[in-house]
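For reference, the structure is listed below as structure tokens.
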Amino acid sequence: MENLPGIVITGASGRMGQMLVQTVMASDKASLVGAIERAGHPWVGMDIGEAMGGQAVGVVVTDQPLDAFAKAQAVIDFTAPAATLQFAKLAAQARAVHVIGTTGMTDEDIAKLEPCGRHAVIVRAGNMSLGVNLLTQLTKKVAAALDDDFDIEVIESHHNQKVDAPSGTALMLGEAAAEGRGVDLADVADRGRDGITGARKKGDIGFVAIRGGDIVGEHDVMFAAPGERIVLRHLASDRAVFARGALKAALWGQDKKPGEYDMLDVLGL
Ligand SMILES: NC(=O)C1=CN([C@@H]2O[C@H](COP(=O)(O)OP(=O)(O)OC[C@H]3O[C@@H](n4cnc5c(N)ncnc54)[C@H](OP(=O)(O)O)[C@@H]3O)[C@@H](O)[C@H]2O)C=CC1
Ligand SMILES: O=C(O)C1=N[C@H](C(=O)O)C[C@H](O)C1
């Protein structure tokens, strides 16, 4: 037990934070050594197991991330963009692998990770599941095989508490489709239709976001041409698929050189 890589979970009270705590606690390949919440959060100072409504596990929730990161081999972070940028600096300082699942980061945010990646391993992906990462590869292949008579639409559905759109996964799938077509997504993305939009522009990649209830995460990539349609679909019904991928990334990163990686690197896809 003593030599297992120690993992810290940020945003420990969140939907993913709690799933990650459970996943690391259940693993025989890693041990939970820290749980972070922001200053003033009611869980700070409580045992994370008890805060989650179960037995004490001997890890007290703290609002002091650097102290926790310094004792860990990896930080798994599914929080919010501003928090993730702060955690990236601290993980780099502590030389801990930083697994980033946070979505909604702008290009400027992502550029700010670069100096951190010079000191520590960063694994970042808008979706850590095996299924979605495989789907990106399938999407790239299908997009490369079809011409632009096929309109590409990425349709995503999530729970009513999600704060960013399009989802990180939808953007990964859009990037994969654009790569398959040999175009830059920034030049062809159509992200907000409302009112008299005019006809669809040939070659565009459209995004549609549905928000409702407790949907965990569903993604379709539609290739629509006159007379036929292909739809590639991934349905997540349990957040455990993301947590398992994140833990895999944290372990994978242990013997890697500092730098920025994604789940395709981790999964060898
Ligand atoms: N890559 C992937 O596979 C997946 C990515 N995600 C992404 O993960 C992120 C979190 O999702 P989810 O768990 O549903 O969201 P939640 O809102 O349930 O959880 C976010 C957690 O982060 C905490 N947090 C935010 N800012 C800070 C801060 N400055 N310091 C410490 N803690 C902070 C929140 O605390 P507080 O409540 O106090 O604000 C909360 O506990 C989203 O960006 C989501 O898109 C989700 C699933 C899979
Ligand atoms: O916020 C979520 O819940 C999810 N976010 C990720 C995304 O933005 O794609 C991954 C998953 O779909 C769940």
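Keep in mind that the numbers below use all heavy atoms, side chains included, and drop hydrogens, waters and symmetry copies. Note that ligands are numbered from 1 as they come in the structure, with each ligand's atoms numbered from 1 the same way.
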| Is it true that His158 and His219 have ring centroids separated by less than 6.0 Å? |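 Yes: the rings meet the under 6.0 Å criterion.
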| request: Can you sort out which atoms of ligand 2 are near Gly168, meaning under 4.0 Å from one of its heavy atoms? | output: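 Here the atoms of ligand 2 in question are 7 (C), 8 (O), 9 (O).
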| field | Those atoms of ligand 2 less than 4.0 Å from some heavy atom in Gly126 | value |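 In order of numbering, the contacting atoms are 6 (C), 7 (C), 9 (O), 10 (C).
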| Can Thr10 be said to touch ligand 1, with heavy atoms closer than 4.0 Å? |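 Outside the 4.0 Å threshold, so no.
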Residue, atom name and distance, where the atom is the protein heavy atom closest to [atom]:
atom                    : value
atom 20 (C) of ligand 1 : Phe78 O, 4.0 Å
atom 9 (O) of ligand 2  : Thr169 OG1, 2.4 Å
atom 12 (O) of ligand 2 : His158 NE2, 2.6 Å

Any N or O of [X] closer than 3.5 Å to N or O of ligand 1:
X      : answer
Arg15  : yes
Gly14  : yes
Phe87  : no
Ala80  : no
Thr103 : yes

| request: Could you check which of His159, His219, Glu156 puts a non-hydrogen atom nearest to atom 2 (C) of ligand 2? | output: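 The residue whose heavy atom sits nearest atom 2 (C) of ligand 2 is His159.
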| Option of least heavy-atom distance to atom 42 (C) of ligand 1 (set: Thr169, Thr79, Leu85) |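 Among Thr169, Thr79, Leu85, the closest heavy atom to atom 42 (C) of ligand 1 belongs to Thr79.
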By number and element, which atoms of ligand 1 are closer than 4.0 Å to a non-hydrogen atom of [X]?
X      : answer
Glu37  : 31 (C), 32 (N), 35 (O), 38 (O), 40 (C), 41 (O)
Ala83  : 26 (N), 27 (C), 28 (C), 29 (N)
Phe242 : 3 (O), 47 (C), 48 (C)

| task | Answer side chain, backbone, both or neither: which part of His41 comes under 4.0 Å from ligand 1, heavy atoms only. | result |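 Just the side chain.
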| query | Does ligand 1 have a heavy atom under 4.0 Å from the side chain of Gln86, from its backbone, from both, or from neither? | reply |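 Under 4.0 Å from ligand 1, Gln86 contributes no heavy atoms.
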| field | Which atom of Leu113 lies closest to which atom of Ala88, heavy atoms considered | value |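 That would be CD2-CB, 3.6 Å.
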| Closest non-hydrogen atom pair, Lys202 against Asp149 |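 Scanning both residues, the minimum pair turns out to be NZ-OD1, 2.9 Å.
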With nothing but distance in play, are any N or O atoms of [X] less than 3.5 Å from an N or O of ligand 2?
X      : result
Ala170 : no
Arg239 : no
Lys162 : yes

| said: Within the protein, is there a heavy atom lying under 4.0 Å from atom 22 (O) of ligand 1? | reply: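 Within 4.0 Å: yes, protein heavy atom nearby.
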| Charged N-O contact under 4.0 Å between Asp148 and Arg181 |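 No, Asp148 and Arg181 are not salt-bridged.
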| said: Using only atom types and a distance under 3.5 Å, with no angle test, would you say the side chain of Asp220 pairs donor to acceptor with the backbone of Met222? | reply: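 Pair absent, no side-chain N/O of Asp220 close to backbone of Met222.
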| Close side-chain approach of His159 to Arg15, heavy-atom, < 4.5 Å |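 Heavy-atom side-chain distance check passes, below 4.5 Å.
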